[in-house]
Every structure is written in C-alpha cells, then in structure tokens.
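Have a look at the structure below, then the notes.
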Amino acid sequence: MTFGKGHHLHLIDGSAFIFRAYHALPPLTRKSDGLPIGAVSGFCNMLQRYVEANTGDDAPTHVAVIFDKGSHTFRNEMYDQYKANREAMPEDLRPQIPLTREATIAFNIACEEKEGFEADDIIATLAVQARAAGGRCTIISSDKDLMQLVGDGVEMFDAMKNTRIDREGVHAKFGVYPESVVDVQALAGDSVDNVPGAPGIGIKTAALLINEYGDLEALLERAEEIKQPKRRQTLIDHAEQIRLSRKLVLLDENTPLDFTLDDLEVREPDPEKLLTFLAKMEFRTLTKRIADALDAEAPVIADAPPLPDAPKMADVPFDAEQYEHVGDTAALQKWINAIYEVGYVAVDTETTGLDEMTADLVGISLATAPGKACYIPLIHKANRGDDLFGGDELAEGQMPLEEALKILTPMLEDPAILKIGQNMKFDAKIFAQIGITVAPFDDTMLMSYAQHAGLHNHGMDALSERYLNHTPIPIKPLLGSGKSAITFDKVPLADAVKYAAEDADITLRLWQYLKPQLHTVQVTKVYETLERPLVPVLAAMERSGVKVDRDTLSRMSNAFAQKMAGLEDELYGLAGRKFNVGSPAQVGEILFDEMGLEGGKKGKTGKYATGADVLEDLATEHELPARVLDWRQLSKLKSTYTDALQDHINPDTGRVHTSYSIAGASTGRLASTDPNLQNIPIRSEEGRRIREAFVAEEGKTLVALDYSQIELRILAHIADIPALKEAFARGDDIHAMTASEMFDVPMDEMTSDIRRRAKAINFGVIYGISGFGLARNLRIPRAEAQGFIDRYFERFPGIRTYMDDTKKFAKEHGYVQTLFGRKIHTPEIASKGPRAGFAARAAINAPIQGTAADVIRRAMIRMPDAIADLPATMLLQVHDELLFEVEKGSEDKLIAAAREVMENANDPVVKLDVKLTVDAGTGANWAEAH
DNA sequence: GACATCACG
DNA sequence: GACGTACGTGATGTCC
C-alpha cells in the first residue's frame, strides 16, 4: 500500500515520551536485579494508552516512534554552544534508553532514528513527505520546536493535555502562524537549547516585529526604521547572531532516510513478543492489562528473590581450606591468566603494620570469583620470632619478592584490568612505596559509604556480616595482643593463607553485590565523582606529609610542663590538699563538697560536671576553678599536641603523615587520624603558636587557602534567602548584616556584641537551632533566645521552610541529600523521644555540611591537574581549607591556580546563586600562612 | 572500655 | 504538655 490520499501518519516524539515518563514516576527498579526501570514502565504505559486511544474511525494508517541519536548534530557544527548548557542525562535513565527502543519494537511499532540527526528533523522530513503525498500527519508531541510544521494537513497532538494543536493553536502560542514561527524563535532565542537569539527580545516582541515587517530578513534589512532606540540597536548589533539562530531552529526537511513512509504502516502487535518483553521487565500490572486487551494468557512473573536486606550468597559457601597458597612463578602465572580471562581481580595486601608509611609488604592475596582466592606470601619468616636464635630466616614456599612483583606489576597497572579492594587507599599507599600505581580500581568500602552513610560503618567485618552472612576470620588470634603481639610476617603460612585469601574472597563477593546496587540506590555519580577519585589524591597528600619542627614542639612542651607544675602548687594551696588536677571527679569533689560552691550538678554517672562552661561561671567568683581551667588548657596542648606530635614525626621523612578516613563522617566530610591534623589549635593565642611548628621545607613556603563562610553561603542558596544572597553578592560582613536586619541597628552603628549574637544565631541555624541551645551558647534566658529565633524566621522566612521541608523529607525517606546527590541516612528520625530531636537537627545540618564537603572534595580531585606545572604540593585538608607547600617565587601562581579550582568547584553540575570565595595566605609556617 | 573533656571546622 | 537539645569529628586521661 503506497502512502497517499486518505492515509494518516502518526509520528510520536520518543524522547519526549521518555523524559515525561522518567519525571512522572518515582525511581522504580526491577525487583530481581535492581535495574532502574521507571522510565521504561511509564513509556510502555504511554504507548499502551496511545494504542487504546487510537482505534476508532480516525485511527492512523501509518505510525512511528522517532528517537534522537547521538548528541552531536549538524547544528553543533554551526554553533558549538548549541544545547551546551543541557544537563547530563540522569545516571539511572541512561540504561533505560535502549529498553525504550526494545519496548517500541515489542509493541510492533516502527522505531526510527538516525545518527547525527535530531528526532525533530526526521519528524519534519516525514511530515513534509506525507503532506506531499496528499495524506495527513499528526505529530504526537507538544514541543514548540515542531510547531513550524503545522498546517496543510499536518497537526500536532498533546498527549498529556489531550488537545490538538492546529494553525490557530500555534498562533495562540507564538503570536504568528506556523510559517513565521522560525523567525520568531530566531529573535526570541531559546535558553533550553542555548539558541542565542536577540538579547532582550522575547516571543511577544518578536511576534510584534515579524507581524509588522513580514519576515525576518525584511526586518533585519529595515532595522534602521525601528523607533525604539534600544531595540533598533540590538537588531543591528546582533543581526548575524539572529541569522545563525534561525538556522539552528529551522528543521531539516531533507534528512536522508533509509526507509519510506510505506515502511511505517500500522501493524498488529504479536501478543507473545509483547508480553514476553513486559514480563522480562517484570511489569505485573501492565502485563495483565495488555494480556486482557489482546485476549491472551498473561505470562507468570516469578517473585523476586529476597533482596537486599538479607542477601544469601550461599551458592558458594566460604571454605578456607580451598584457598590456594601460591609459592612459585608457575602458580602465579596461572592466576594472572585467570585474571585476564575475567578482566578484574580483588586484591588485598598484608603488611607488617597499619601505618602505611612504615609498614612493609608481607604478601598479596587475589580473588577472581566467589571462593576462588589465593595468597602469595613474600617475606614470611620461618618462625614466630620468639625463638632467640635464627629468627630472620625466610619461610619455605615463597618466591622472591622481585620475581613476584615482576609478574604482578603489569597486571596491577594494566588499564584493562579492574582492581577491586576494600579501603584501597591503604593498599595503594603500600604499592606506591615500591613504585607501583594501582589503576583502575573499585573500592567496596566507598561503594557501601556512597549508599549507606549514616546507617552503619563500612569496615569489611560489618559488610561481610551484613551482606554475606559470614564472620571473617579474626586477626587477633593470629597476631596476639599486647607485648607478645607479632607482625603478620611471623604468622605461619598455613594460617596466613586462610586469613589473607579470605579477605580477597570477601572483597570480591562484596563488590559483586554492591556494584549493581549503586545504580539502584542512584549514587553511581556520587561514587564515581566524589569518592573513588579522591583515593589517589589523598594517598599522595598523606605520603607527602607536612614538615614539623621537633625542637619548637619540644621547647613548648618544656615550657608547658613548668607552667603546669607552678599551677599545681598553687591549686594544692587553694584546695588545702594535694589532688589530681586531671581528674574531673576530684575537681568536682573539691569545688562542690569541700569548698561548698553552689551550682554543682551531677550527671548520669553520679559525678559533678566540671566542664569548661561550668568552671567559667565559677571563675568569676573564685580562684581555684580559674586556675583549673588554665591547667587544663596547658595539659591539653602538651599531651595532645606538643608531646604527641613529636611521636608522629616519621624518622625517614622528618614529616608528619596523617591518614584521612573517607568513609568515616556521615556527612561526607573527611576525618583525620594518627594524628588528627584537623584540630590543631588556633582559637587561643597560646595554642595557635603550635602552628609555628608546622613549617615549610628550606626554600619553600606554606600557602593556605580557605573558603569564606562556605556553609552560610550554601545555606543562603539551599534555603533560598534573598537577603543573605544579596549580602554575599555585595561582599558584606554577613554577621553584621544579620545583626542589622534582626536588631534594627544600622551597619555603621554596629557593636561587636550585637554582631557576636547574630553570629551565634547564624551558626545556630546551620546546626538546627533550638531556643535552649542558643540560650546556653549566648548565656541568656531561654525566652530571650526564643525571641531571637522567632525574629530570625520572620526576617528570613526561607529558613523555616527549609528546616520544615528537610525534616519532612528525612521522615519520609529516611535520608537527606546534598546538592550533589550524596545521601546521608538519618534512621533515628523515626524513633520516639529525644533521639528524634537529635536526628532532626542532624538532618537539617547534613545537606549544608555535606554540600560544603562535596565542594572541597571536587576541588581536591581537580587540584593535581590544575597545579601539575607548578613546583607545589597539596598537603592538608581541614574541612574548608587546603594547605600547600610551594617553592619560593611561585606562591602567586599557585594561589591563582588553586583559587580558580576552589571557587568553581561546584561547576558544572551544580549552579549556585551565591559565589564561593577563597581567602589565601602565605608564610614560613602554618601560623603565618593562615 | 566508658566517660568526660577539649581541640578543630 | 513534658522532655532534653545546638552540627560534625579525634585524642587524651581517669577510673573501673
């Protein structure tokens, strides 16, 4: 049947169907394997509704669903910015795109696309062909870009609103008839597709001009005649840009197609094919509905296996006896071959200790499938080392270290082999010590963290119990504890093989479970852009370390010791007896029982509270609590900093190497341990001097860059507070502005005390403010504090909305999210009692703190490339600050490069209404640089 | 190992 | 209407 008079062609805009389906439905997943399926489900429903609605007299004789293909089209050749600001496709939609093609074919509807052409061009070409053949055409879409085609037998149909769009409909939308639509669009431009148009001219003005001058060329030629000076100038100045815009919006009616209208004839669906597809997708309701409609038997869809709460990976039971001891090159080569067959391998290293800077590699374990794992011991000793004689001999059954590494290194560095680890930063640092760069890799700890931050910890033991129902072999019995503890190289080989290989086996099984779950939970982007790429960056920073001057610390320790001794004598005199100043219990007894001071409050454990806030209140009246406070400050500085930091100076490097936990803090922040370099004193003058011991190497300088008020800026954006946003845009003192707004004090009459109160309130808001908390912080009556908060909400109403919405979201979903999609779970928000209060405040704080954490993570990930050409190293991160060491003379270049990265770290995935700004400082030590 | 305390953002 | 409350961390010393 040749398409001609009396025939009616339907063209369905496939992409529009997909996006509508995607956004209309919650993120559904296929029960059996977690494949995201929401958009496919919606798409099928829309197709079925379409089929049901088009059976009558006006049913089409021909029909096709038209899709876009490829993101690069001839329009990009004309204008490289075309559709440039379009957001990336959501991670969970991407895998559904091919399934919508499958669905169309399953419905037995023609499914057409062409590489390098937009669906709109194909639709234009077919519509014009149908019209030329004397038939009719209906375009199932409401896209305004297609409206230029309407008329003379071509109509559009908005399937959502169930309305036809004819020439009059187009006129209602554009103010002109279809033949002039491209002229109007060329002038008005389109922000969605990034078509520039004429600045300042919208659809209304454009229609006015076209109606007056006839068409675009006439208008541009006679632009001089326009009366309004601004409009005239715009058209003259941007004539070329407007002409380009017209080319961009004009659809190509001559798309070369490898099919004809006749190929699109309506066909009956094959019930078996269609139902098989729907059953495969596990659409229970839809399968039944369509089976009824087709008068066919609905296939049975098996119930999904129990996932994900109690996954039983018992198909392959754990059996430590099956693990292989690899002791020679032939055996190792067999493993390498097996790895190349599957393309991935779980890797775990055993070492002499937990400090990657000082630990030595003892052995390597590998796993390629559940239950299939081995251990390659490298430098195990022949005995436990408790033998007085001959403790250094190597055990039998080990190949020489170099020989093993010669075989393993190409695999570990092969871009085609994925290395899977649990906490890969540890293993990467161990390998880095011997010059091996492990890449590419996956990290099961970070996969768990990306999915379940806030729910549980992400150590191997916890994950193995939770997902594999298996308790890993404990390390304690192998190593012993206390003074008699041994290192792993002294563990007998038979035991070592079982323990080490099992770790690789567990890691591989965890990966098999957690990797597909990333999609289901929709945190693939988080894992791939915020977690995994941070590993090599942190590994490098930790290995760099920061130079700490032992003499400075040692002198300070001595000075503190002397002062403390003096204070102790003074305190004994005041108390009338000797006591342990470091014992809060004894301090409490002396203050409240022996001296009889008022206001002693006992806590849960029946002891008096003697925290700094309590002692500060007493210190105004009495000498003893004041001196205890002095002593405590010195004691803290000495024990935690000037003493302990000396012990952390690495003898080989002369530097201190902290370790950052990526998956520790629930909000996405890093945490620094062994030692913690994120809490080096700065607030007190005395403590701040400890930073003088953090120094630059000879010939170098320390550079510190920190985000200015990043959390408040993020709050201003997230809660959408115009007054705050404007203040940041002006560069105002944000706390003074808040104070001025709240207390009606003009900015030039601001006092430091009023500003201090406003500052406390600003921080309170970030923490999920309460009247009680603010009252305690400011030491004012609770009612007064509540008054401040009420006033704050009145002046900045978006804050209350944000807090209420966030709590509601957390209660509904059990988690909250950062702007970058990081999920922070708050399970306790559902509980009763005070725990729910804690959880609610944490939920309010988490998106703000977490977004700030995401921002600096992004900056850190981009930093190595940005400063690659500079003689500079990134050393430390302190939540909103980055510390660098740079050769003298290159400070300015470093600051410029690093600031650029930090201030734009949100780009391009998140647009912020508030600019991020970064302050910089330089100096020979950290005190100067900050 | 729990608890209190205090250092940081 | 009472209940307890600022958010997120890590290290240290005391005491059981």
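Both backbone and side-chain heavy atoms feed into the values below; hydrogens, waters and symmetry mates do not. Residue numbers begin at 1 in each chain, while the letters A, B, ... track the order of the sequences.
Using a cut-off of 4.0 Å between Lys/Arg side-chain N and Asp/Glu carboxylate O, Asp630(A) and Lys563(A) are scored as not salt-bridged. Ion pairing of Lys808(A) with Asp804(A) is absent here, as no side-chain N (NZ or NE/NH1/NH2) approaches a carboxylate O to less than 4.0 Å. Between Lys425(A) and Glu542(A), at least one side-chain N (NZ, or NE/NH1/NH2) sits under 4.0 Å from a carboxylate O, which counts as a salt bridge. Using a 4.0 Å cut-off between a side-chain N of Lys or Arg and a carboxylate O of Asp or Glu, Lys807(A) and Glu812(A) do not qualify as a salt bridge.
Tyr767(A) has its OH atom 12 Å from the P atom of dA6(C), to the nearest Å. A straight line from NE2 of His930(A) to P of dA7(B) spans 17 Å, rounded to a whole angstrom. Rounded to an integer number of Å, the gap from Asn762(A) CG to dC7(C) C1' is 15 Å. Atom pair Glu589(A):CD and dC15(C):C1' shows a separation of 12 Å (rounding to whole Å applied). Between Asp647(A) atom CG and dG10(C) atom P the separation is 20 Å, expressed in whole Å. Between Arg689(A) atom CZ and dC8(B) atom P there is a gap of 16 Å when expressed in whole angstrom units. Distance, Gln646(A) CD to dA11(C) C1': 16 Å, rounded to whole Å. At whole-Å resolution of the value, OH in Tyr660(A) and P in dT9(C) are 17 Å apart.
Among the heavy atoms of the strands, none lies under 4.0 Å from Ser635(A). Residue-level contact check: Pro834(A) touches neither bases nor backbone, having no heavy atom under 4.0 Å from any strand. Residue contacts for Ile682(A): at a heavy-atom cut-off of 4.0 Å it reaches the sugar-phosphate backbone alone, with no base atom in range. Heavy atoms of Arg683(A) sit under 4.0 angstrom from at least one base atom. Within 4.0 Å (heavy atoms only), Thr605(A) reaches sugar-phosphate atoms of the nucleic acid but no base atom. Counting non-hydrogen atoms under 4.0 angstrom, Asn676(A) reaches the backbone sugars and phosphates but no base. At a threshold of 4.0 angstrom between heavy atoms, the contacts of Ile766(A) with the nucleic acid are absent. Using a 4.0 Å heavy-atom cutoff across all strands shown, Phe838(A) reaches sugar-phosphate atoms only and no base atom. Residue Ala852(A) is out of contact with every strand shown, counting any heavy-atom pair closer than 4.0 Å. Using a 4.0 Å heavy-atom distance criterion, Ala836(A) is classed as making no nucleic acid contact. No contact: Gly768(A) has no heavy atom under 4.0 Å from any strand. Within the 4.0 angstrom heavy-atom criterion, no nucleotide atom of any strand lies near Gly837(A). Ile844(A) comes within 4.0 angstrom of nothing in the nucleic acid, heavy atoms only.
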Base-pair string, DNA chain C, Watson-Crick plus G-U, cut-off 3.5 Å on both distances, | for inter-strand, is ......|||||||||.
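Where Thr673(A) and Ser583(A) meet DNA chain C, the nucleotide closest to each residue was compared, and Thr673(A) sits on the side nearer the 5' end.
Candidate nucleotides dT5(B), dA11(C), dA6(C) were compared by shortest atom distance to the side chain of Asp674(A), and dA11(C) ranks first. The listed nucleotides are dT12(C), dG8(C), dT5(B); the one nearest the side chain of Ala644(A) is dT12(C). The listed nucleotides are dG10(C), dC6(B), dT5(B); the one nearest the side chain of Pro584(A) is dT5(B). You'll find that the side chain of Pro681(A) is closest to dA7(B), out of dG9(B), dA7(B), dT5(B). You'll find that the side chain of His879(A) is closest to dG9(B), out of dT14(C), dG9(B), dA7(B). Among the nucleotides dG8(C), dT5(B), dC15(C), the one closest to the side chain of Arg632(A) is dT5(B). Residue Ser661(A) places its side chain closer to dG10(C) than to any other of dG10(C), dG9(B), dG8(C). When each of dT9(C), dC7(C), dA7(B) is scored by its nearest atom to the side-chain atoms of Ala671(A), the top-ranked nucleotide is dT9(C). Counting only heavy atoms from C-beta on, Asn777(A) has its side chain closest to dA6(C) among dT9(C), dA6(C), dC6(B). Proximity note for Gln586(A) (side chain, C-beta onward) versus dG8(C), dC15(C), dT5(B): the nearest is dC15(C).
Proximity of a side-chain donor or acceptor of Arg791(A) to a complementary backbone N or O of Met742(A) within less than 3.5 Å is detected. Side-chain N or O atoms of Glu828(A) include none that pairs as donor or acceptor with a backbone N or O of Ala836(A) at under 3.5 Å. Formation of a donor-acceptor pair under 3.5 Å by the Asp443(A) side chain with backbone atoms of Asn423(A) is found in this model. Side chain of Arg691(A) to main chain of Pro681(A): a donor-acceptor pair is present (N/O by atom type, distance under 3.5 Å, no hydrogens or angles). A donor-acceptor pair under 3.5 Å links the side-chain atoms of Gln646(A) to the main chain of Thr642(A), judged by distance alone.
For dT5(C), the base has a donor-acceptor partner in the side chain of Arg782(A) [N/O atoms by modelled type, under 3.5 angstrom]. A donor N or O paired with an acceptor N or O is found under 3.5 Å between the base of dT5(C) and the side-chain atoms of Ser770(A).
Between the side chains of Asp919(A) and Tyr707(A), not a single donor N or O lies within less than 3.5 Å of an accepting N or O. A donor-acceptor contact under 3.5 angstrom links the side chains of Thr667(A) and Gln849(A), judged on distance only.
Taking atom C1' on both nucleotides, dA2(B) is separated from dA6(C) by 24 Å, rounded to a whole Å. Separating the C1' atom of dA2(C) from that of dC6(B) is a span of 32 Å, rounded to the nearest Å. The separation of dG4(C) from dA4(B), taken at their P atoms, amounts to 16 Å, rounded to a whole angstrom. Distance noted for atom P between dC3(C) and dT5(B): 24 Å (whole Å).
At dA11(C), none of the side-chain N or O atoms of Ser639(A) fall inside 4.0 Å of OP1 or OP2 (strictly under the cut-off). Residue Arg669(A) has no polar side-chain atom (N or O) positioned under 4.0 Å from OP1 or OP2 of dG9(B). OP1 or OP2 of dT9(C) lies within a sub-4.0 Å distance of a side-chain N or O belonging to Ser666(A). For dT5(C), neither phosphate oxygen OP1 nor OP2 lies less than 4.0 angstrom from any side-chain nitrogen or oxygen of Arg776(A). At dA6(C), none of the side-chain N or O atoms of Arg841(A) fall inside 4.0 Å of OP1 or OP2 (strictly under the cut-off). Remark: Thr610(A) is in phosphate contact with dT5(B), judged by side-chain N or O atoms under 4.0 Å from OP1 or OP2.
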**Request:** Applying salt bridge (charged side-chain N to carboxylate O under 4.0 Å, His left out), run through Glu531(A) and Arg822(A) and close with a yes or a no.
**Result:** CA-CA 10 Å; Glu531(A) 312 288 358; Arg822(A) 173 186 300 285; 2.7 Å; yes
